[in-house]
Amino acid sequence: MLSRNDPNRQRSFTRRLALLAAGKLALLGVLGSRMYYLQVVEADKYRMMADDNRINLRLLAPPRGRILDRDGTVLADNQLNYRVVLVAEQTGSIPATLDTLSEIVPISEAERRRVMREVARKRKFLPTTVKENLSWEDVSRIAVNAPDLPGVMIDVGSTRLYPQGERMAHLIGYVAPPAEADLTGDPLLELPDFRVGRNGIERVYDLAMRGRAGNTQLEVNALGRPIRELSRNEGEPGADVTLTIDAELQIMTAARLAKEESAAAVMMDVTNGDVLVLASHPSYDPHEFARGISGPAWRALLNNHRAPLTNKAVSGMYSPGSTYKMMVALAALENGVAPEMRVGCPGHMDLGDNRFHCWKKGGHGGVDMIDALMQSCDVYFYEMGRRLGADRMADMARRFGLGQTLSIDLPGERAGIIPTRAWKLARTGKGWAQGESLVASIGQGYVLATPLQLATMTARLVNGGYAVVPHLTRDLVQDRRMVERPAGNFAPIGVSQPHLALMLRAMRGVTNDPRGTAFRARILDAAYAYGGKTGTSQVRRITEEERRVGLRKPDQVPWRERDHALFVGYGPVEQPRFAISVIVEHGGGGSAVAAPIARDLLHEAMKRDKLRQPATGPRLAQGA
């Protein structure tokens, strides 16, 4: 046996001990180096990760920019939105709490189901909105009953307010929650209370009015529950948008149009293109969309045959009727027709086997161009249409803004139709018939225009022949900010000044000469005298049998079969400043229905203008 004092055994034990110590030292070295790496080399990284778990960064929606009229009147604003919310973890029984709450404020079954779905989806400590847009009385009743409503509290947000409601809905538009197609990766769009522009000015200038998001840093615990706010940056509020609209004139216009079944009107400054009035009736309540329109209400709007969702001022296309005759007269003058040339009107014109009637059954007798415009003689313009053909009439009409979009600051603008031979061939594959020129010469057939185009046409007629362009805002968007619209001159459209003067003379006679079709709608005060042109547009063909037995009175005809009533006008006659177009769908005669509306609106605009300073902004080219 080996002795305990055997030197070999002791040497073996010492070697093992040394190896074990070396191994432990190596492990301690590895652990030490790893700790050094984590706590020194990677310290910033893990400090950031810890802060990410401790600090919650949340976006704050900026206040949306307001919409103002030309005088600073607020047309779209933000208001406090009181809402009642429920925190599930603080509520013993959610159904019972909702039952108690429904005795204070009404809660529909759809709202109850939505709350239960959101509670099941969210973390228990996060609030769920039960009902929004509470009145102060509702808030007070909930506060008084707070002891019986565990987990229920009042929260304050923001919602869009439209003070004028339906009277400016087509113009201002509305906001609504972002749709899936709107989500572009911008986290601001995913905030529960965020709204985007859906129509009107709200849509066109949406980016500028959104502003830039702020943020808040919240310290949270391991479960994500907020403990305290560490910092707050409110962001940048959205830009205000100032319109050229005159709110008082717009309100007056809406009130006048509301007396009709369906109508539209546009008024603009002929010198700089400022649109003062742009109205369409019937309308809708924009608050319904901002708060979330119900299914039945949406279907009711869609199924209304008077189309309350359509902005007729820019999207409605109508045969302009006799308001188009100035275009034909100017084309005739430019192509050598003397204004003194007389055409006999027996009440009709025959072309081949077809008979084209004048609105006056017995005819006007012999008329020259001024007489034909004042009395709206159809036979005179049939003769001009026969001589000119489609292309010459179309060329003149396009110079005055017809048959094309005018790039107004609104969605949904339509171009209308000014037909040419090439247009018809491309559309139908058939050639142009001479009878179609006669129909087009009185603004019927294929000819279609919007009220905005007719107002622009009138403005260019009376401002000396300058291509003024309508616009709705004083500013333009640049890098999501509103910057002043650059001043500039409008180019002449290439029409003889004597010819334009002849048109103004005729339009003045329409309202101020006893032979004029709108003489009964004149303004007696000479200081506010205005000029214009009536129009009556047929929506169905009148048969020979009807003409033989006599036409029915308008109130004996179904609404959809009645003629459209139109009027275009300007004022004052001595120094034109305002141009207007009015259309009353199925309203009957332009002189009886549309002209009085235009008269009253022009009269008010001229009276208000005397109280204002001279207009500033873009002007006509030098020499106007």
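Computed from a predicted model, the values in this text were never measured in an experiment. Counting begins at 1 with the first residue of the sequence. Any value given below was found using the heavy atoms of this structure, including those in side chains, with hydrogens, waters and symmetry copies removed.
With Thr450 contributing its side chain and Ser315 its backbone, the two residues share no donor-acceptor pair below 3.5 Å. In this structure a side-chain-to-backbone donor-acceptor pair under 3.5 Å is missing from Thr458 to Ala579. Between the side chain of Gln164 and the backbone N or O of Ile251, no donor-acceptor pair lies under 3.5 Å. When atom types are taken as modelled, the side chain of His170 and the backbone of Thr310 share a donor-acceptor pair closer than 3.5 angstrom. In terms of modelled atom types and a separation under 3.5 Å, the side chain of Thr511 and the main chain of Tyr530 share a donor-acceptor contact.
Counting only N and O atoms by type, the side chains of Asp274 and His471 include a donor and acceptor under 3.5 Å apart. Of the N and O atoms on the side chains of Lys533 and Ser376, at least one donor lies less than 3.5 Å from an acceptor on the other residue.
With contacts defined as side-chain heavy-atom distances shorter than 4.5 Å, the pair Arg386/Ser437 does not qualify. The shortest side-chain heavy-atom distance between Thr323 and Tyr318 does not fall under the 4.5 Å cut-off. Side-chain atoms of Pro419 and Val447, non-hydrogen and from C-beta on, do get closer than 4.5 Å to each other. A heavy-atom distance below 4.5 Å is found between the side chains of Tyr446 and Glu436.
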Give the table of side-chain donor-acceptor pairs shorter than 3.5 Å for residues 493-509, with sequence neighbours excluded, one pair per line with atom names and distance.
{"residue": "Gln497", "atom": "NE2", "partner": "Gly464", "partner atom": "O", "Å": "2.7"}
{"residue": "Arg508", "atom": "NH1", "partner": "Glu574", "partner atom": "OE2", "Å": "3.2"}
{"residue": "Arg508", "atom": "NH2", "partner": "Glu574", "partner atom": "OE2", "Å": "3.2"}

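Considering only residues two or more places apart in sequence or on other chains, Arg421 meets the salt bridge (charged side-chain N to carboxylate O under 4.0 Å, His left out) condition with Asp391. Residues satisfying the side-chain hydrogen bond (donor to acceptor under 3.5 Å, both in side chains) criterion with Thr473, sequence neighbours excluded, are Tyr205, Asp409, Arg485. Residues forming a side-chain hydrogen bond (donor to acceptor under 3.5 Å, both in side chains) with Ser280 (at least two apart in sequence, or on another chain): none. In this structure Arg515 satisfies the salt bridge (charged side-chain N to carboxylate O under 4.0 Å, His left out) test together with Asp371, Asp513, sequence neighbours excluded. When the salt bridge (charged side-chain N to carboxylate O under 4.0 Å, His left out) test is applied to Arg387, the partners found at least two apart in sequence or on another chain are Glu383. Partners of Gln404 according to the side-chain hydrogen bond (donor to acceptor under 3.5 Å, both in side chains) rule, which considers only residues two or more places apart in sequence or in another chain, do not exist here. For the side-chain hydrogen bond (donor to acceptor under 3.5 Å, both in side chains) test, no residue two or more places apart in sequence or in another chain qualifies with Gln250. His281 is linked by a side-chain contact (heavy atoms from CB on, under 4.5 Å) to Leu257, Ala258, counting only residues two or more places apart in sequence or in another chain. Scanning for salt bridge (charged side-chain N to carboxylate O under 4.0 Å, His left out) contacts around Lys325 gives Asp378, with sequence neighbours left out.
Classification of Glu334 and Arg399 as a salt-bridged pair holds, one side-chain N sitting under 4.0 Å from a carboxylate O.
Exactly one of Leu566, Val584, Ile583, Val582 qualifies for a side-chain contact (heavy atoms from CB on, under 4.5 Å) with Val593. That residue is Val584.
Residue pairs meeting the side chain to side chain donor-acceptor pair (under 3.5 Å) criterion with at least one member in residues 589-603, sequence neighbours excluded, are Arg256-Asp600. Within the structure, the ring-ring contact (aromatic ring centres under 6.0 Å, His included) test picks out the following pairs touching residues 361-385 (sequence neighbours left out): Phe356-Tyr382, Trp359-His364.
With a 6.0 Å radius and a threshold of 12 heavy atoms from other residues, nucleotides or ligands, Arg203 has its CZ atom at or below the threshold.
Outside the 6.0 Å centre-distance limit, the rings of Tyr174 and His287 are not counted as a close aromatic pair.
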| task | Just do the salt bridge (charged side-chain N to carboxylate O under 4.0 Å, His left out) check on Glu261 and Arg562 with the steps written out, would you? | result | CA-CA 12 Å; Glu261 296 273 354; Arg562 299 174 190 173; over 6 Å; no

